[in-house]
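Below: one structure, written as structure tokens.
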Amino acid sequence: MSIIRFGSTGGTGTGGQHLPFSRAVQAGGWLYVSGQTPMKDGEVVEGGIIEQSRLAIENCLNIMKEANYGLEDVVHVTVVLTDSRYFQSFNKVFKEVFGDNPPARICMVADLVVDCKVEVDVTCYKE
């Protein structure tokens with residue numbers, strides 16, 4: 001089985017900080033996308049939970065596309081919210097994206113090391 005790393009040179013985080021991990025790793029038919037926050041060009045995009053959720057998921061989808069995976073390949077999503085009151089709003093965005101064929105998911109509340117409201121990672125599989 002071969003392992004392919006996407007963005008293994010690391011990205012840029014807030015304040016220009018070098019991120020020492022791959023954006024995604026493909027092993028066999030599996031793709032593991034690292035947690036994505038609502039960032040563009042290394043900076044958190046301001047906005048409410050709806051806007052930040054859309055961007056965090058969009059960042060995951062862009063990485064998946066780079067690795068030739070699509071929504072139909074998503075088997076699991078991990079969601080970290082910084083406030084439990086965001087749960088229903090996040091669910092609305094999740095439903096918009098995944099529709100009637102949602103993946104398995106865990107959603108938890110925790111502090112994030114980036115000053116934002118949400119972080120999302122995805123696990124994909126295709127033969």
Side-chain angles (χ1 to χ4, degrees):
M1 170 176 65
S2 64
I3 295 176
I4 301 169
R5 299 176 198 287
F6 296 87
S8 61
T9 58
T12 302
T14 55
Q17 173 190 4
H18 174 74
L19 301 175
F21 53 84
S22 298
R23 287 191 321 275
V25 175
Q26 181 181 358
W30 293 96
L31 180 71
Y32 301 91
V33 177
S34 292
Q36 298 298 303
T37 57
M39 293 181 106
K40 276 190 179 174
D41 303 319
E43 294 299 325
V44 173
V45 173
E46 294 299 320
I49 186 61
I50 298 276
E51 295 82 11
Q52 287 201 0
S53 297
R54 284 186 179 129
L55 184 54
I57 293 171
E58 180 182 313
N59 288 341
C60 288
L61 297 176
N62 288 338
I63 294 167
M64 290 164 46
K65 184 177 179 182
E66 177 185 348
N68 296 313
Y69 284 75
L71 278 176
E72 67 279 4
D73 302 314
V74 178
V75 295
H76 188 267
V77 176
T78 302
V79 180
V80 181
L81 302 171
T82 58
D83 191 317
S84 61
R85 292 173 292 185
Y86 299 153
F87 185 70
Q88 293 301 326
S89 295
F90 181 84
N91 278 341
K92 289 178 186 175
V93 174
F94 193 84
K95 174 84 170 149
E96 286 174 12
V97 174
F98 292 102
D100 294 330
N101 297 299
R105 185 183 92 181
I106 185 170
C107 185
M108 66 189 94
V109 175
D111 290 333
L112 294 172
V113 297
V114 175
D115 187 19
C116 62
K117 296 171 174 57
V118 61
E119 183 169 349
V120 178
D121 80 19
V122 298
T123 302
C124 303
Y125 179 79
K126 70 177 181 178
E127 294 185 42

Taking only residues at least two apart or on different chains, which pairs with a member in residues 86-95 satisfy side-chain hydrogen bond (donor to acceptor under 3.5 Å, both in side chains)?
Asn91-Arg105, Lys95-Asp100
Show every side-chain hydrogen bond (donor to acceptor under 3.5 Å, both in side chains) that has at least one partner inside residues 76-85, sequence neighbours left out.
Thr78-Asp121, Asp83-Arg85
Identify whether Val33 and Ile4 are in the same connected component of the hydrophobic contact network (ILVMFWY, side-chain heavy atoms under 4.5 Å).
yes
Are Val120 and Val25 co-members of a hydrophobic cluster defined by side-chain heavy atoms under 4.5 Å apart?
no
Could you pull out all residues at least two apart from Asp73 that satisfy side chain to side chain contact (heavy atoms under 4.5 Å, CB included)?
Tyr69, Cys124, Lys126
For Glu51, which residues count as a salt bridge (charged side-chain N to carboxylate O under 4.0 Å, His left out) partner, sequence neighbours excluded?
none
Holding to side-chain hydrogen bond (donor to acceptor under 3.5 Å, both in side chains), I want the full list of residues that pass it with Glu66, two or more places apart in sequence or in another chain.
Arg23
Should the ring pair Phe90 and Phe94 be called parallel, tilted or perpendicular, given that the plane angle runs from 0 to 90° and is split at 30 and 60?
tilted
Can you check whether Gln36 reaches Ile63 side chain to side chain, under 4.5 Å on heavy atoms?
yes
Pairwise distance OH(Tyr125) to CD(Glu72) - rounded to 0.5 angstrom:
14.0 Å
Heavy-atom closest pair, residues Gln52 and Lys117:
OE1-N, 2.7 Å
Working for side-chain contact (heavy atoms from CB on, under 4.5 Å), residues Ile49 and Val93
CA-CA 9 Å; Ile49 186 61; Val93 174; over 6 Å; no
Answer yes if Val45 and Ile57 sit in the same cluster of Ile, Leu, Val, Met, Phe, Trp and Tyr residues linked by side chain heavy atoms under 4.5 Å apart, and no otherwise.
no
Under a single-linkage definition using a 4.5 Å side-chain heavy-atom cutoff for Ile, Leu, Val, Met, Phe, Trp and Tyr, are Val122 and Leu71 assigned to the same hydrophobic cluster?
yes
Give the cluster check for Val97 versus Val118: same hydrophobic cluster or not, with ILVMFWY residues linked at side-chain heavy-atom distances below 4.5 Å.
yes
Keeping to residues at least two apart or across chains, list the side-chain hydrogen bond (donor to acceptor under 3.5 Å, both in side chains) pairs with something in residues 53-64.
Arg54-Glu96
Within the 4.5 Å heavy-atom criterion, are Val44 and Asp115 side-chain neighbours or not?
no
Report yes if the side chains of Trp30 and Val75 come closer than 4.5 Å at any heavy-atom pair, otherwise no.
yes
